[in-house]
Amino acid sequence: MNDRPAGAAGIGRAGVGDRPVRTGADVTASAAARYALVPVPRLSLDTVARRSGLHPDLIRRFVALGLVDAELDAAKHLVFDPTAPAVLARIQRLRSGLCLNYASIGLVLDLLDRISLLEAALRRAGTRSETPPWT
């Protein structure tokens, strides 16, 4: 489940003084690195539950299953990325639209994320398929 894009964790604008000077092969390897100038806001479990319309116990179950990424803060409470309500909405759409169980949803989410990464790599390489993306 950790193959997913980082989401909001790497969002931020890099300042001129923040980037190390690199040349050659290091430039392509570090082109994806971003440095946040301000801390990324985190959402509490109650906030995510209110925004997504789901019960906090169900969200805890999703975290235990690895469907949603969360961290523990200093007080041992779950905190989420700002994108967590959108991820939960995606899970609910897959559950109701395709009648999948939660274990299957984890597999489908991984496959959809891998497809997105492959499509992005094709766009960067300048290679396009003749058919439009299916997602």
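Small disclaimer: the values here were computed from a predicted structure and weren't measured.
In this structure, a donor-acceptor pair under 3.5 Å is absent between the side chains of S116 and D113.
Here the CG-CG distance, from N101 to L107, works out to 10.0 Å after rounding to the nearest 0.5 Å. Between the CG atom in L45 and the CZ atom in R50 there is a gap of 10.5 Å [rounded to 0.5 Å].
I105 places none of its side-chain heavy atoms less than 4.5 Å from the side chain of R90. Proximity of R60 to D57: side-chain heavy atoms (C-beta onward) are separated by under 4.5 Å at one or more points.
Judged by a 6.0 Å distance limit and a 45° cone about the ring axis, R61 is not positioned over the six-membered ring of Y102.
When all heavy atoms are compared, the tightest approach of A49 to P56 is CB-CG, 3.9 Å.
Both L58 and L67 are assigned to one and the same hydrophobic cluster, defined by single-linkage of ILVMFWY side chains at heavy-atom distances under 4.5 Å. A continuous path of hydrophobic side-chain contacts links I59 to L100 [ILVMFWY only; heavy atoms under 4.5 Å]. Hydrophobic clustering (ILVMFWY, side-chain heavy atoms < 4.5 Å, transitive): L43 and V79 are in distinct clusters. When the side chains of ILVMFWY residues are joined at heavy-atom separations under 4.5 Å, either directly or via intervening members, L111 and L118 end up in two distinct hydrophobic clusters.
Among D69, V87, V68, L88, the single residue meeting the side chain to side chain contact (heavy atoms under 4.5 Å, CB included) criterion with F80 is V68.
With D81 contributing its side chain and T83 its backbone, the two residues share no donor-acceptor pair below 3.5 Å.
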